[in-house]
Number of protein chains: 4
Amino acid sequence: MVDSWLRNAVAEAVGTLSVVFVTVATLGIVAQATPTVLAYGFVTMGMVAALGHGSGGYFNPAITLAMLLAKKIDPIGATIYWVAQFAGGALGALLVLLVADTDVVAAGTPMLNDDLVNVGGAIALEAVATMFLVLVVFGTVVDERAPVSIYPFAIGGALVAGSAALLGLTGGALNPARGFGPAVVSGEWDAAASWLAGPLIGAVLAWALYTFVIAHDDSRGAGWR
Amino acid sequence: MVDSWLRNAVAEAVGTLSVVFVTVATLGIVAQATPTVLAYGFVTMGMVAALGHGSGGYFNPAITLAMLLAKKIDPIGATIYWVAQFAGGALGALLVLLVADTDVVAAGTPMLNDDLVNVGGAIALEAVATMFLVLVVFGTVVDERAPVSIYPFAIGGALVAGSAALLGLTGGALNPARGFGPAVVSGEWDAAASWLAGPLIGAVLAWALYTFVIAHDDSRGAGWR
Amino acid sequence: MVDSWLRNAVAEAVGTLSVVFVTVATLGIVAQATPTVLAYGFVTMGMVAALGHGSGGYFNPAITLAMLLAKKIDPIGATIYWVAQFAGGALGALLVLLVADTDVVAAGTPMLNDDLVNVGGAIALEAVATMFLVLVVFGTVVDERAPVSIYPFAIGGALVAGSAALLGLTGGALNPARGFGPAVVSGEWDAAASWLAGPLIGAVLAWALYTFVIAHDDSRGAGWR
Amino acid sequence: MVDSWLRNAVAEAVGTLSVVFVTVATLGIVAQATPTVLAYGFVTMGMVAALGHGSGGYFNPAITLAMLLAKKIDPIGATIYWVAQFAGGALGALLVLLVADTDVVAAGTPMLNDDLVNVGGAIALEAVATMFLVLVVFGTVVDERAPVSIYPFAIGGALVAGSAALLGLTGGALNPARGFGPAVVSGEWDAAASWLAGPLIGAVLAWALYTFVIAHDDSRGAGWR
C-alpha cells in the first residue's frame, strides 16, 4: 500500500510538473492566447490518458479536494496528493527557470487584469471556470454511465475553454498548482487569492451541484449508449 | 419523474451557462477568432461528455427543437429545456457582467458585419451552419449505427468549424441561447433575428434532411464497424 | 438499391457542401491560417462522424478514386459520388456568394503563392499532402485492425495538418471539390491544376503504397489491441 | 519476417516523412506558432492512427530507443527503424526543397533562441518535453490498463503541448528525425545537439521513470474502467 501511494504520488507530481512546465514556458515565451490554451489543454489530455488509470490523473489540488468530498480518496491520500501536486508545480516552474530566466517564469505566472477585474471578481471567475472543469471530471470519470475512453479529452477540452475565457482576466489558472509553481519560483504572488481560493471554491460548488442535483440516484443505471 | 425533469433542467441550464460564459468572456476580452472558436467548441465537447448521458446535453434551443420534431423529447420536456437553456444563457452572461463590465458583455454578443451581409443573409448563414451542427447530432447521437463515444467530439468539432466560418459575418452563434444571454444582459439586440431565427430554421432543415432523405429505414442495421 | 444510392449521394453532397461552405467562408472572411485549418479539419471530423457510417463520408473525389481502386465502391457508384461531391462543393460556395459577395468567394479559393512555387511544384505538394490523408483513410477505415471509432478524428487531423502545411503555398485544397466549388462560383481557376491533378495523383500513390507495401496479407489479423 | 520488417520500415519512413514534411512546410512558410504546433500534433495523430497498429507508429528515433529499452523491439529491428526514420525525415525535407527553396527548409529547421537559452539548457528542455511525450507512449500504448483507442490522440496532444512550450526556445523538435531532416537538406546544424541528444536523454528518463517507479507490478490488472 505504501508502495502504491508512492507510485501514485510520483505520477501526480510528474503530471502536475508537466502541466506547469508546459504552460509557464508557452505563456512566458510565446505570450499568445492560442498556443497557451492549447498547450494547457493538450498536455493535460496526454498526461491524464497516460497516468489517469493509475493515480487518477488529477494533477490539480482542486480536483483532489472534489474527490475527497466525493469519498474517492481518503484524507491521508488527499494530503499526499496535495504535497505531490504543489511540489510538482514548483519543480515544473524551476525547470523553466534553470534553462531560461526569471522574467520568463514571471511572465508565465497567472496575473490579474486590473483594468477589468478586482480580486473578488477574479476569485469568482476562477471558481466558475473550475466548477465547469470539475463537473466534467464528475460526469466523465465518476459517473459510470459516461462513454468510456473520453475523459482525457473532455478534461483537456474544459481546460482549453476555461483558460481561453479567463486568460485575459485572471491568467486562467483553474488549478492552484498552476499558480503556485511559477509564483514560488518568480516571487509573483499578486494573483494568489484568485488561483488558490477560486479553484478550491469551484471544486466544492461542482461537487455539491453534481452530488445533490445532477447525479442520478441509480448511478449504475443503463446510461444512454 | 418531476425529480428527473428538475435534474435534467439543471443540467441543461448549467451546460448552456458554461457555453455562454466561456464564449462571451473569450470573445469579449481576447477578441480573436481562434481562442473564441476553440473555447466554444471545447467547452461544449467537455459538457456534452459530462452531462450528455443524463439530460442529452443539448444546451441549445435549436437542438431541442430538432429533438422535439424527432420525438426524442415531448412538448412539455422541450418547454422545460427551452426555459432552462435561455435562463442558463442569461446567467452565463450575467456572471461575466458581475466581474467585468458591460462593454465586455456587449463585445461578446454576436453581431452582424454590415459591410458583408444583411439580416436575411445572416439568418441564412446561421441556418446553414446550424443545419450542419444538428445533422452531426442526428448522425452521432440519434443514429444507432454511429461509432460509440464520439458524439461529444463531433458536436464540438461542428461548433469550432461553424463558428469559425461565421464569426466575421454573423458572430457565429449557431444557438439562440448563445445570442440571448449576452443580448439580454448588454441590451445589444441588433443581431437577434440571425441568432434566433437562423438556428431554429437550420434545426428544422437538418431534421427534415436527416429523417426523410439520409436516414436508413433499418436504423438498427449492422453499421459499418 | 437506387434508393440507397440516392441517400448516399445526398449524404456525400451535403458533407462536401459543408466542407466547402465552411472553408470558403473562413478563409474568405477571417483570412488567417489557424481558423481556416481548424474549420477544415473539424467540419470534416464532424461530418465523417455523422454520415460516414452511411455513405462512407468521403466528401472528396480523390478519396472516391482511392476507394474505387481498392474496390470498396464500383464504377457506377464512384461516378454518382463524383457528381454529388462536385455539385455539393459548388453549392457550398454558392451559399457563401448568396449572402456575401464575389470577393469573399474568390478569397476563399485555393491560390498559388507564385513567389515560392510553380504549377508543377504545387501539383506535387498537393499530391504529397493528399497521399498522407488517403493513407489515413486506408489505415483507419479500410484496415480492420485499426482501433474503432477513431477514423473521423484521424481524417480531420490529417486535414488540419496538411492544409496548415500547404495554405501558404497552394491554398491547401487536398480535395478537388474544395477547389472546384469556389472556382466555378468566382471564376478563379488559376490553381485548378494543383487542386485537381494533385489530390488525384496523391490518392493513387496512397492506394498503391498501402495496398502493395504497407498492408498485411492477413488484413483480418488480431491487431495490436 | 524479412517481409514484415520491410513493411514496417516503409511505414516508419512514410510516417516520419509526413511529420517532417508537414512541420517544415508549416514553420518555414506560415512561421506562426499555432499552425506549426497544430500541424505537428495532428499529422502525428493521423499517422499513428493509420499506421500504428502495424509498425507501432513511432516515427521518432527517441521513441524507438525507449521501446528498445522496454524490450518491445529488438536491436536489429530498432536499427532498421532508426535508418527508416532518419531517411524518412530527410526525404520529407527534400520534398519541401524540391517545390520551394532552401530558405523555406532552413526556416523550418529547429533553432535555438540564443537570447534565452544556451546549448545545455536547450538539451535539458528537449529532454524534459520528450520525457512527457514518451511517458504518454508508455501510459497509453505499453500499459494495458489504458483506455483503448486513445493513444493516437494522447501522443498528438503531447506533441502539440511540448512543441508549443519549446517553439520559441529550441524550435520544439522532441524528435531527432524532426531536426535531422531539414538540417541535412538545408545545412543548418546549429541546434543539432538539442534535437539529437535532448530527445534521446528524455526517452531514457521516461523509460526509467515509467518502468521503475510508475508502472504497477501487476501490469495486467483490472484498471480503472
Side-chain angles (χ1 to χ4, degrees), chain A residues 32-34 36-38 41 113 115-118 120-125 128-129 131-141 143-151 153-170 206 209-210 213-217 221 223-225, chain B residues 3-4 6-11 14-15 17-19 21-57 92 95-96 98-101 103-104 108 141 144 146 148-153 156:
Chain A
Q32 293 171 7
T34 306
T36 303
V37 304
L38 288 173
N113 182 338
D115 294 341
L116 283 169
V117 72
N118 60 23
I123 293 174
L125 287 166
V128 169
M131 185 184 76
F132 300 149
L133 169 67
V134 179
L135 276 178
V136 168
V137 174
F138 274 103
T140 62
V141 175
D143 192 316
E144 299 184 6
R145 296 168 307 150
V148 291
S149 299
I150 71 169
Y151 62 92
F153 309 100
I155 292 168
L159 282 168
V160 169
S163 64
L166 300 194
L167 197 66
L169 291 161
T170 69
L209 182 61
Y210 194 82
V213 186
I214 293 176
H216 290 219
D217 294 335
W224 139 302
R225 342 186 28 126
Chain B
D3 184 40
S4 167
L6 176 64
R7 221 188 283 123
N8 287 346
V10 170
V14 168
L17 185 161
S18 73
V19 170
F21 174 83
V22 165
T23 50
V24 170
T26 308
L27 182 57
I29 300 287
V30 183
Q32 293 171 7
T34 305
T36 303
V37 305
L38 288 173
Y40 196 173
F42 280 54
V43 72
T44 306
M45 176 209 298
M47 282 295 173
V48 171
L51 306 179
H53 46 84
S55 71
L95 276 173
V96 177
L98 287 179
V99 293
D101 60 29
D103 288 351
V104 169
V141 174
E144 299 184 6
V148 290
S149 300
I150 71 169
Y151 62 92
F153 308 100

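Every chain is numbered from 1 and lettered A, B, ... according to where its sequence line falls, protein lines coming before strand lines.
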Contact origin within [X] toward chain A - heavy atom pairs under 4.5 Å:
X         : value
Pro35(B)  : both
Val104(B) : side chain
Leu98(B)  : neither
Phe153(B) : side chain

May I have all residue pairs that pass side chain to side chain donor-acceptor pair (under 3.5 Å) and include part of residues 41-52 of chain B, sequence neighbours excluded?
->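 Matches after skipping sequence neighbours: none remain.
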For the pair His53(B) (side chain) and Gly139(A) (backbone), establish whether a donor and an acceptor sit closer than 3.5 Å, ignoring hydrogens and angles.
->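 Present.
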Gly157(A), Gly120(A), Gly168(A), Ala124(A): which one forms the most heavy-atom pairs within less than 4.5 Å of chain B?
->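 Counting heavy-atom pairs under 4.5 Å, the top option is Gly157(A).
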So, do Leu159(A) and Phe42(B) sit near enough that their side-chain heavy atoms are less than 4.5 Å apart?
->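 A side-chain contact under 4.5 Å is absent here.
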Does Phe132(A) reach the side chain of Val19(B), with side-chain heavy atoms less than 4.5 Å apart?
->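 Answer no - side chains too far apart.
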How many angstroms lie between atom [atom1] of [X] and atom [atom2] of [Y], to the nearest 0.5 angstrom?
X         : Y         : atom1 : atom2 : answer
Ile150(B) : Ile150(A) : CD1   : CD1   : 11.5 Å
Leu166(A) : Phe21(B)  : CG    : CZ    : 5.5 Å
Ile214(A) : Leu51(B)  : CD1   : CG    : 5.0 Å

Val136(A) portion near chain B, given a 4.5 angstrom heavy-atom threshold =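 Looking at Val136(A), backbone and side chain both touch chain B.
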Region of Leu133(A) in contact with chain B, defined by heavy-atom distances below 4.5 Å =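 Nothing of Leu133(A), per the 4.5 Å heavy-atom cut-off to chain B.
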Minimum heavy-atom distance between Val99(B) and Val117(A), given as atom pair plus value |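 Closest heavy-atom pair between Val99(B) and Val117(A): O-CG2, 3.4 Å.
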Go through Val30(B) and Thr34(A) one step at a time and tell me if the side chain to side chain contact (heavy atoms under 4.5 Å, CB included) criterion holds.
-> CA-CA 10 Å; Val30(B) 183; Thr34(A) 306; over 6 Å; no
Who pairs with Asp103(B) by side chain to side chain contact (heavy atoms under 4.5 Å, CB included), at least two apart in sequence or on another chain?
->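 Partners of Asp103(B) by the side chain to side chain contact (heavy atoms under 4.5 Å, CB included) criterion, ordered by chain and then number, come out as Asp101(B).
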